[in-house]
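Right, one structure below, let's go through it.
Heavy-atom basis, side chains included; hydrogens, waters and symmetry copies ignored. Both counts, for ligands and for their atoms, begin at 1 and track the order of listing.
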Amino acid sequence: MPYTGEISSKEIEQAIEEGELSLNYQPQSSLVMGGITGIEALVRWHSKTLGQVDTGHFIGILEHSEISSIVKFHEWLIQNAFKQIIAWRQIGILAPVYLNFSTRYLQQRGCLDQIQHFIQKYDIHPSWFGIEVTETCSITDMPEIKFVLEYLCKIGVKIALDDFCTGYSSLEYIIDFPVETIKIDKRFIQSLCTESYQRRNSISIILESLIEMAFKLGIKVVAEGVETMKQLEIVTFLGCDAYQGYFFCPPIPADVICGMNFEQHNQNALSVSCLMFPA
Ligand code: G
Ligand code: MN
């Protein structure tokens, strides 16, 4: 079991300095054309003293730490992901890589200079990456975030709304920005198979409408946390554009991504589509 006990933000900063953090990557598979439509970067911390530390746990602590720790972490995240993007592009892996950004990081305008600096340093085109943002509060209450996201959109960075259908889930982000992707939270996807008929039915109706709305607005919909064939069938039937989850691939080290046989999987995804929509 990963460690979920006490940690200070100083310990997290030290872990960054000592190279204890690493990134795993989880690909998302297209339900429309087959192939990989994006790759999410997910941080892992293997501590010499604490062992494997639970990611959700230490990110939660970091979110409530002083801004300097948050900035330090994002600096590390951006640099590592950018290096990986360059390495992959050299061998023909061109899917955009999505980074999970904290809203507290995006709330300070200085983040734009930092992001620009790394874009130039690594010679990255802004469209090669995206940021996943979780709505933690209403965007109208955060003019700074609005400014930062508007700017990032303008230069071509992809904006994905993470954990959609939970938390705030206001439609303000969709109205105010050219959001590229909505990621439907895994709890919703998993409810599609486990909850009572009444609840499953309500969730399907909401998702169907959400997907139709996203389609009309030109926004891609990704189902998160797909773990079973049944869930894959349902999200295909509902019309999601892509899916991510253990059923396709868990988060894995970058070099394992290079060796993956994506072709085989694409055939599976397409045969599910044929099953749901026979010619
Ligand atoms: O909030 P966000 O969507 O960024 O969370 C991603 C987290 O979900 C990662 O920690 C990842 O390990 C986990 N995850 C990825 N795929 C699955 C899945 O199929 N099922 C479950 N339960 N968790 C998953
Ligand atoms: Mn995410």
May I ask whether Glu40 has any heavy atom positioned less than 4.0 angstrom from an atom of ligand 1? yes

Residue Gln190 vicinity, atoms of ligand 1 by number, heavy atom under 4.0 Å: 20 (N), 22 (N)

Mutual orientation of the aromatic rings belonging to Phe118 and Tyr122 [parallel < 30°, tilted 30-60°, perpendicular > 60°]: tilted

Taking just the N, O or S atoms of Glu40, which one is nearest to the Mn ion (ligand 2)? OE2

Non-hydrogen side-chain atoms of Tyr25 and Val256 separated by less than 4.5 Å: no

Counting heavy atoms only, which of Gly225, Pro251, Cys249, Ala160 is nearest atom 11 (C) of ligand 1? Pro251

Given Phe164, which of Val221, Val179, Ile174 fulfils the side chain to side chain contact (heavy atoms under 4.5 Å, CB included) condition? Ile174

Going by ring pair (Phe, Tyr, Trp, His ring centres under 6.0 Å), name the pairs with one or both residues in residues 174-225, residues two or more places apart or in two chains. none

Enumerated ligand 1 atoms positioned under 4.0 Å from heavy atoms of Glu227: 18 (C), 19 (O), 20 (N), 21 (C), 22 (N)

Would Asp163 count as a contact for the Mn ion (ligand 2), in the sense that one of its N, O or S atoms lies under 2.8 Å from it? no

Between Phe129 and Phe82, ring centroids under 6.0 Å: yes

Heavy atoms only: which of Lys186, Lys183, Gln231 lies closest to atom 13 (C) of ligand 1? Lys186

List every atom of ligand 1 that sits less than 4.0 Å from any heavy atom of Val226, numbering the atoms from 1 in the order shown and giving each element. 19 (O)

Restricting to N, O or S, what is the name of the atom of Glu132 that lies nearest the Mn ion (ligand 2)? OE1

Checking side-chain hydrogen bond (donor to acceptor under 3.5 Å, both in side chains) against Gln244, which of Gln26, Lys186, Glu224 comes through? Gln26

Mind checking whether Glu132 has an N or O less than 3.5 Å away from an N or O of ligand 1? no

Proximity to ligand 1 by part of Thr134, non-hydrogen separation under 4.0 Å: neither

Sub-4.0 Å atoms of ligand 1 with respect to non-hydrogen atoms of Gly245: 16 (N), 19 (O)

Check whether any N, O or S atom of Asn100 sits under 2.8 Å from the Mn ion (ligand 2). yes

Does ligand 1 have an atom that lies less than 4.0 angstrom from a heavy atom of Thr55? no

Which single N/O/S atom of Asp162 lies at minimum distance from the Mn ion (ligand 2)? OD2

Atom indices of ligand 1, in the order listed, that fall short of 4.0 Å to a heavy atom of Arg44: 12 (O)

Backbone or side chain, does any N or O of Gln26 fall under 3.5 Å from an N or O of ligand 1? yes

Ile93 vs Ile85, side-chain contact (heavy atoms from CB on, under 4.5 Å): CA-CA, chis, key distance, verdict: CA-CA 8 Å; Ile93 297 178; Ile85 291 173; over 6 Å; no

Hey, is the Mn ion (ligand 2) within less than 2.8 Å of some N/O/S atom on Glu224? no

So the atoms of ligand 1 within less than 4.0 Å of a heavy atom of Asp163 turn out to be 1 (O), 2 (P), 3 (O)

Which of the numbered atoms in ligand 1 are under 4.0 angstrom from any heavy atom belonging to Asn100? 4 (O)

